[in-house]
Engineer: 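Would you mind keeping the following structure in view while I ask a few things?
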Amino acid sequence: MKKTPCYLLLSIIPWFFPIKGFCNNVDSLPSPKYKQENSKSNSESEAIKFFTKNTDKWKSVNNFSLGLQYFYGDKVPKNYSRAVELFTKAANQGDANAQGMLGTMYLQGQGVPQDYSRAVEWFTKSANQGNDSAQYLLGTMYGGGKAVPQNYARAAELFTKSAKQGNPRSQQQLGLMYLKGDGVTQNSSKAIKWLTSAANQEDAKAQAILGLIYYQGRGIAKDI
């Protein structure tokens, strides 16, 4: 039977979006809550003085916070190498956010040589502590076979843990997996559930795919 143009469009949607695309946007990473608009870059700022002087006292918290400032260039010149150094200290002290950031920097080659194996190592440590962003990123690596054998079931497991915490990108990916039956039993109802959750959080890809599903009536009443 001849496919309609809309069905063809849905059939060519990538089930695992390229890692480089979402990482370059840095929107899966924790944002510095202390960041202020229009703040001048100043290596001698009060914030930097505080974090630097109290690093030993506050240990991983301050190492991570100071690392974020160097990563984003907030009140100091952007310096990925210094960020890696601080994230590594915090990560080795068990900070899940620092482990996730360090994994992302190895994934993208920021401040360190690109190393997918090291990225997997740090994402795994962070994901095991329940970090939803790390669970999502590690899930994409299993889905894409980056430094690990491709394993859709493992990817689905990680996306599920992250999606249940409200991560829209994991919800989007999990919805796609249920739609196609990759790593899970194909289930249109669950696909629509997770895609709707992601769409309601302004995930544009989920909105587009969900629109096509309603247009086609795929697993749901057709609703133009």
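Everything numeric here is computed off the predicted structure, so don't read it as measured data.
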Engineer: Please list, chain by chain and in numerical order, all residues satisfying side chain to side chain contact (heavy atoms under 4.5 Å, CB included) with Q186, sequence neighbours excluded.
Structural biologist: R218

Engineer: Quick one: CD on Q171 to OG1 on T160, what's the gap to the nearest 0.5 Å?
Structural biologist: 10.5 Å

Engineer: A119 and G103: which non-hydrogen atoms are nearest, and at how many Å?
Structural biologist: CB-O, 3.3 Å

Engineer: For V184 and A156, work out which heavy atoms get closest and say how close.
Structural biologist: CG1-CB, 3.6 Å

Engineer: How many angstroms lie between CD in Q69 and NZ in K78, if you round to the nearest 0.5 Å?
Structural biologist: 13.5 Å

Engineer: Would Y80 and F71 count as a close aromatic pair, with their ring centres under 6.0 Å?
Structural biologist: yes

Engineer: Taking salt bridge (Lys or Arg N to Asp or Glu O under 4.0 Å) as the cut-off, I'd like each qualifying pair that reaches into residues 106-120, sequence neighbours left out, listed once.
Structural biologist: R118-E121

Engineer: Find out whether L176 and K180 are in side-chain contact, i.e. whether some heavy atom of one side chain is under 4.5 Å from a heavy atom of the other.
Structural biologist: no

Engineer: For the residue pair Q173 and R169, establish whether any side-chain heavy-atom pair is separated by less than 4.5 Å.
Structural biologist: no

Engineer: Under 4.5 Å between any side-chain heavy atoms of L86 and Y70, yes or no?
Structural biologist: yes

Engineer: Can you find a heavy atom in the side chain of D132 that is under 4.5 Å from one in the side chain of S170?
Structural biologist: no

Engineer: Side-chain contact, heavy-atom cut-off 4.5 Å: L137 with L158?
Structural biologist: no

Engineer: Would you check if Q150 and Y142 make a side-chain contact, meaning some heavy-atom pair closer than 4.5 Å?
Structural biologist: no

Engineer: Sequence neighbours left out, what passes side chain to side chain contact (heavy atoms under 4.5 Å, CB included) with N200? Give chain and number order.
Structural biologist: T196

Engineer: Taking only residues two or more places apart in sequence or in another chain, which ones pass side chain to side chain contact (heavy atoms under 4.5 Å, CB included) with K193?
Structural biologist: none

Engineer: Between L66 and R82, is there a side-chain heavy-atom distance shorter than 4.5 Å?
Structural biologist: yes

Engineer: Check S162 against N167 and note the closest heavy-atom contact, atom names and distance.
Structural biologist: OG-CB, 3.1 Å

Engineer: Roughly how far, to the nearest 0.5 Å, is OH of Y136 from CG of N131?
Structural biologist: 13.5 Å

Engineer: For residues S126 and A134, report the shortest heavy-atom separation together with the two atoms involved.
Structural biologist: OG-CB, 3.3 Å

Engineer: Nearest 0.5 Å please: distance from the NZ atom of K164 over to the CG atom of L174.
Structural biologist: 9.5 Å

Engineer: Would M177 and Y152 count as a side chain to side chain contact (heavy atoms under 4.5 Å, CB included) here? Give the steps.
Structural biologist: CA-CA 8 Å; M177 296 186 83; Y152 287 157; 3.9 Å; yes

Engineer: Using the ring-ring contact (aromatic ring centres under 6.0 Å, His included) criterion, which residues pair with F123? Sequence neighbours excluded.
Structural biologist: none

Engineer: Does the side chain to side chain contact (heavy atoms under 4.5 Å, CB included) test come out yes or no for I220 and Y214, once each step is laid out?
Structural biologist: CA-CA 7 Å; I220 198 170; Y214 275 104; 3.3 Å; yes

Engineer: Indicate the atoms forming the closest heavy-atom contact of A91 with L102, along with that distance.
Structural biologist: CB-CD2, 4.0 Å

Engineer: Between T185 (side chain only) and G181 (backbone N and O only), is there a donor and an acceptor less than 3.5 Å apart?
Structural biologist: no

Engineer: Give a yes or no on whether the backbone of W122 and the side-chain of Q99 come within a donor-acceptor separation of less than 3.5 Å.
Structural biologist: no

Engineer: Kindly indicate whether the side chain of L138, heavy atoms from C-beta on, has any atom under 4.5 Å from the side chain of T124.
Structural biologist: yes

Engineer: Atom OG in S117, atom CE in M141: separation rounded to 0.5 Å?
Structural biologist: 8.0 Å

Engineer: Hey, could you give me the CG/CD distance between L210 and Q207, rounded to the nearest 0.5 Å?
Structural biologist: 8.5 Å

Engineer: Under 3.5 Å, side chain of Q135 to main-chain N/O of N128, donor-acceptor pair present?
Structural biologist: no

Engineer: Checking A206 now: which residues fulfil side chain to side chain contact (heavy atoms under 4.5 Å, CB included) with it, not counting sequence neighbours?
Structural biologist: Q172, L195, A198, A199, D203

Engineer: What is the minimum heavy-atom distance between N63 and A90, and which atoms define it?
Structural biologist: CB-CB, 3.7 Å

